Amino acid sequence: QVEVVESGGGSVQAGGSLRLSCVASGRTFRTYAMSWFRQAPGKEREFVAVINWSGGSTYYEGSVKGRFTISRDTAKNTVYLQMDSLKPEDTAVYYCNATDVGGKNYWGKGTQVTVSS
C-alpha cells in the first residue's frame, strides 16, 4: 500500500521558520495532489494548503497566505511546506495527505510544530 511520512517539525519562536517535508511511496501510487492539514489540541483538523501534482497549482487557507509556501518535487513524490513568520497560533500537529488519481486519501502520522512567544 501507500506510506506517507512527514518530517521537519520542531520548536521555534514567533517569527521563525520551518520547512516540512512529506514523502509518499507505493508501488502503484499515482499522485493527484498532496496537501497539508493541521490539528491543534482540542480543535478539529483543518486544511492548510494543497498542490496539484499535474500542473502545480496551489491553494491556501486564509490565515497562512503570504507566510506559507507549498511546493513539490514530482521526481521524489515529495511535498514541502515552507513556513515563515510563524505565529503561536500555528502550533499544531501537521499532517500530510496524499491523494491518488482515483480519489483515495492516505495520511501520515504527523509532525509537531510548536511556536512560542
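Keep in mind the model is a prediction, meaning the values are calculated, not measured.
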### Query
Around Glu46, counting heavy atoms of other residues, nucleotides and ligands shown, do more than 12 lie under 6.0 Å from its CD?
yes
### Message
Consider side chain to side chain contact (heavy atoms under 4.5 Å, CB included). Of Thr91, Thr114, Val115, which one does Leu86 pass it with?
### Response
Val115
#### Entry: Nearest heavy atoms of Leu18 and Gly8, plus distance in Å
CD2-O, 3.9 Å
### Message
With rounding to the nearest 0.5 angstrom, report the NZ to CD distance, Lys109 to Glu3.
### Response
8.5 Å
### Query
Heavy-atom distance under 4.5 Å between the side chains of Met83 and Arg67, does that happen here?
no
### Query
Has Arg19 got its NZ or CZ under 6.0 Å from the middle of the six-membered ring of Tyr80, at an angle within 45 degrees of the ring axis?
yes
### Query
With a distance cut-off below 6.0 Å to the six-membered ring centre and an angular limit of 45° from the axis, does Arg45 pair with Trp107 as a cation-pi contact?
yes
### Message
Under a 3.5 Å distance rule, please check whether Glu6 uses its side chain to pair with a backbone N or O of Cys96 as donor and acceptor.
### Response
yes
#### Entry: Derivation of the side chain to side chain contact (heavy atoms under 4.5 Å, CB included) call for Leu20 and Val113
CA-CA 9 Å; Leu20 306 183; Val113 171; 4.0 Å; yes
### Trp53: which of Asp100, Thr99, Thr74, Val101 passes side chain to side chain contact (heavy atoms under 4.5 Å, CB included)
Thr74
### Query
Is there a side chain to side chain contact (heavy atoms under 4.5 Å, CB included) between Ser17 and Gln82 once you walk through the steps?
CA-CA 7 Å; Ser17 298; Gln82 177 66 43; 4.0 Å; yes
### Message
Checking Asp73 against Thr78: is there a side-chain donor and acceptor pair closer than 3.5 Å?
### Response
no
### Task
Search all heavy atoms of Gln112 against all heavy atoms of Ala92 and return the closest pair with its distance.
OE1-O, 3.5 Å
### Query
Just wondering, do Val79 and Ile51 contact through their side chains at under 4.5 Å, heavy atoms?
yes
### Query
Checking ring-ring contact (aromatic ring centres under 6.0 Å, His included) against Tyr106, which of Phe29, Tyr32, Tyr95 comes through?
Phe29
### Query
Taking all non-hydrogen atoms of both residues, which atom of Gly55 and which atom of Arg72 are closest, and how far apart?
C-NH2, 4.0 Å
### Query
Is Val93 reachable from Phe37 through a run of I, L, V, M, F, W or Y residues, each pair having side-chain heavy atoms under 4.5 Å apart?
yes
### Task
In sequence, state the C-alpha distance, the side-chain angles, and the governing distance for Val4 and Val2, and then conclude on side chain to side chain contact (heavy atoms under 4.5 Å, CB included).
CA-CA 7 Å; Val4 178; Val2 177; 4.2 Å; yes
### Message
Just by distance, no angles: are the side chains of Ser25 and Asn77 close enough, under 3.5 Å, to form a donor-acceptor pair?
### Response
no
### Message
Looking at Lys43, is its backbone amide N or carbonyl O close enough to the side chain of Gln39 to form a donor-acceptor pair, meaning the two atoms are under 3.5 Å apart?
### Response
yes
### Query
Looking at OG1 of Thr58 and CD1 of Ile70, how far apart are the two atoms once the value is rounded to the nearest 0.5 Å?
7.5 Å
### Query
So, Phe47 versus Tyr60, ring centres under 6.0 angstrom or not?
no
### Query
For Ala14 and Pro88, which heavy atoms make the closest approach, and how far apart are they?
CB-CD, 4.1 Å
### Query
Any side-chain heavy-atom pair from Asp90 and Phe68 closer than 4.5 angstrom?
yes
### Query
Considering all heavy atoms of both residues, which atom of Ala33 and which atom of Val50 are nearest to each other, and what is their separation?
CB-CG2, 4.1 Å
